[in-house]
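As the structure lists them, so they are numbered: ligands from 1, and atoms in each ligand from 1.
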Amino acid sequence: MATLRATPNLLAMPPPLRSLLLTHHILLPTRTFATRPGPRRHSIPPLPGFDPERPLSQTTEEYIPPLESTSYLPPPSNDPNGLPFPAPPPSKSSLAQATGIFTSKGGPKFLYSAGRFLELPVNTHTPEICLIGRSNVGKSTLINALSGLLGASARNSHGVVARKQGSAITSRKAGCTVTLNGYGFGTPPPEPPSALEEIKAKREAVVKGATRQARREAQKEYMQREKPRRYALIMVDMPGYGLGSKKDWGVEIQKYLAKRQMLKGAVVLIDAETGVKEQDRMVLGNLRDHDVRTVVVLTKGDKVVDAAVVEQRKQNGEGKGGAEERIGEVLLGVWKELRRAERRSLTWLEGGDKGWEREVWVTGAGDPRNGGLGVETARWAICRLAGLVEDKRKIVVPGLDVAVGKGKKEVVKVEQEEPEIVSFDDIEALVEREKARPKKRLHPSF
Ligand SMILES: Nc1nc2c(ncn2[C@@H]2O[C@H](COP(=O)(O)OP(=O)(O)OP(=O)(O)O)[C@@H](O)[C@H]2O)c(=O)[nH]1
Ligand SMILES: [Mg+2]
């Protein structure tokens, strides 16, 4: 908007300057500070049965639970149909315990962003779990959902707001996360009295040392002491592999998997829409080679369910459609890959302490209905992997007794698909290779 506010003053100016200043003042718009309304936000009508405040366990009447369960076990060998077995959920108190760890202290605390393994802060006492998966599979979205962000907010976490609230940045474009990002969750258990006593003694030695030299040494020791634990759990969001990833993705991640002292396990995310891909096979092989305990979580389960519902409605009205079957196919593919990877190791075994867990979890962290599909149980699965909750379930399969809880005897024997015949020479070569494998060494800074 042009303004003539300065014209009277211009008359007092020397004539050669008047035309110049007049042009400047009349033709150039001056800045006004009037407040303009911002772009209008569209309000989306809520979906039937959608209540963002409601936890997953309390479903509304209209809401159709999309799947029978959010975790599945491989089909028992006596099942003629060979369908994945829906596992019963953990107890409500156990789920609440896991949710408490992820959502206490008002959510996660963004701790660091490291481009290289050597840039990672030393961690000697907090259990650490890493999220690993192809680019765009939903790693960052899952971190947000685990920490309590609901559906749409978990997947649309961008810009300054996300940075301020410490949530993981997500994007539709593959290759969004390019560093190892650490997030701290929950309150740690109180330090044992002996640890507190030790710190007190070290502090006293700094003041009461007999000589100056002794006090200096005590000070050095006090500064190098192990700092008290600040979080119950640290989750590391990794850069994705495949499309949009950096060329040297593998180098730093391999170092991390081989040397990170407090790494309790890896959560491998697999897209429920596309299933296992070549790069996932490579990663399962890496986890096997480094004996990292592995849990598989399917992401974008909501999309599979939605596609199945749409198809069902087109054909003959309401219903869940073939969601269970579609997810089931992917699950069978996952177990097949895990068993294929297992064949090349003598230690990374099904159900083993350093192997892979047979229970696979289904999530749809970006699903706005009821705050995300399977998020609550995924929290529990991660806490179990970190050793923070105990599995007390006793799962009974008709005709078989399958116990998955800690310390219970495993009696299920699942038949291998595509049995592979291995010669004695091959077995001997495998044993030799295992013996020759260098022992896992700790990072020099630990
Ligand atoms: N419908 C649905 N969309 C999801 C889900 N999880 C992630 N998405 C979408 O998938 C896209 C990628 O999500 P990110 O969380 O950024 O994926 P990422 O694995 O961290 O990707 P990189 O950082 O590139 O490795 C985003 O557009 C999300 O909205 C889900 O469970 N359901
Ligand atoms: Mg990411």
Side-chain angles (χ1 to χ4, degrees), residues 44 47 50 52 56 66-67 70 108 110 112-115 129-159 162-163 166-183 235-250 252-253 256 266-275 277 279-280 282-283 296-310 323 326-327 330 360-379 381-382:
I44 306 162
L47 293 161
F50 166 58
L56 187 67
L67 294 167
T70 46
F110 172 70
Y112 54 78
S113 196
I129 300 287
C130 66
L131 284 186
I132 197 161
R134 285 191 300 128
S135 308
N136 228 28
V137 73
K139 298 176 289 296
S140 306
T141 306
L142 185 63
I143 287 247
N144 289 339
L146 293 172
S147 62
L149 281 186
L150 296 168
S153 329
R155 59 191 280 195
N156 300 321
S157 169
H158 316 298
R163 285 242 176 271
S167 46
I169 309 284
T170 62
S171 168
R172 278 186 195 183
K173 215 171 139 212
C176 170
T177 311
V178 289
T179 48
L180 297 151
N181 297 342
Y183 298 86
M235 297 276 306
V236 179
D237 184 11
M238 298 229 164
Y241 45 83
L243 189 69
S245 65
K246 281 206 284 186
K247 256 191 190 164
D248 56 351
W249 179 89
E252 297 303 317
I253 309 283
Y256 176 84
V267 178
V268 177
L269 302 194
I270 288 176
D271 191 329
E273 274 194 312
T274 54
K277 294 275 175 185
Q279 293 115 339
D280 299 319
M282 176 198 82
V283 161
V296 175
V297 170
L298 299 188
T299 60
K300 308 193 184 180
D302 56 304
K303 283 192 172 183
V304 177
V305 173
D306 284 351
V309 169
V310 169
R326 280 170 194 238
I327 299 249
V330 178
V360 176
W361 305 80
V362 182
T363 62
D367 184 6
R369 283 159 302 186
N370 269 1
L373 164 71
V375 174
E376 215 178 11
T377 41
R379 283 186 191 128
I382 292 171

Would you please determine whether Gly364 falls within less than 4.0 Å of ligand 1 on a heavy-atom basis?
yes
Side chain to side chain contact (heavy atoms under 4.5 Å, CB included), paired with Met235, selected from Leu142, Asn181, Ile143:
Ile143
Can you see which heavy atom on Asp271 is nearest to which on Val137, and at what distance?
N-CG2, 3.5 Å
N or O contact, Asp237 vs ligand 1, cut-off under 3.5 Å
no
Near the Mg ion (ligand 2), is there an N/O/S atom from Thr141 that is less than 2.8 Å away?
no
Quick one: are Val236 and Tyr256 in side-chain contact, heavy atoms under 4.5 Å?
yes
Any nitrogen or oxygen of Lys139, side chain or backbone, less than 3.5 Å from one on ligand 1?
yes
Any N/O of Met238 closer than 3.5 Å to an N/O of ligand 1?
no
Based purely on interatomic distance, does Gly301 place a nitrogen or oxygen under 3.5 Å from a nitrogen or oxygen of ligand 1?
no
Going by the 4.0 angstrom heavy-atom rule, the piece of Asp302 near ligand 1 is side chain
Just by distance, do the side chain of Arg379 and the backbone of Ala145 share a donor-acceptor pair under 3.5 Å?
yes
For the pair Lys300 (side chain) and Gly138 (backbone), establish whether a donor and an acceptor sit closer than 3.5 Å, ignoring hydrogens and angles.
no
Counting both backbone and side chain atoms, is some N or O of Asn136 under 3.5 Å from an N or O of ligand 1?
yes
Within the 4.0 Å heavy-atom shell around Gly240, which atoms of ligand 1 are there?
25 (O)
Any sub-3.5 Å donor-acceptor pair from Lys139's side-chain atoms to Arg134's backbone N or O?
yes
Looking at Ala365, which atoms of ligand 1 are within less than 4.0 Å of one of its heavy atoms?
30 (C), 31 (O)
Nearest candidate to atom 17 (O) of ligand 1, where distance is taken over non-hydrogen atoms, out of Gly133, Ala272, Ser135, Gly138
Gly138
Is there a side chain to side chain contact (heavy atoms under 4.5 Å, CB included) between Tyr183 and Asn144? Walk through the geometry before answering.
CA-CA 10 Å; Tyr183 298 86; Asn144 289 339; over 6 Å; no
Look at the side chain of Thr363 and the backbone N and O of Leu373, then say whether any donor-acceptor pair between them is shorter than 3.5 Å.
no
Side chain Thr179, main chain Ser113, donor-acceptor under 3.5 Å
no
If we number the atoms of ligand 1 from 1 as shown, the ones under 4.0 Å from a heavy atom of Lys303 are 1 (N)
Does Ser140, backbone or side chain, put an N or O under 3.5 Å from an N or O of ligand 1?
yes
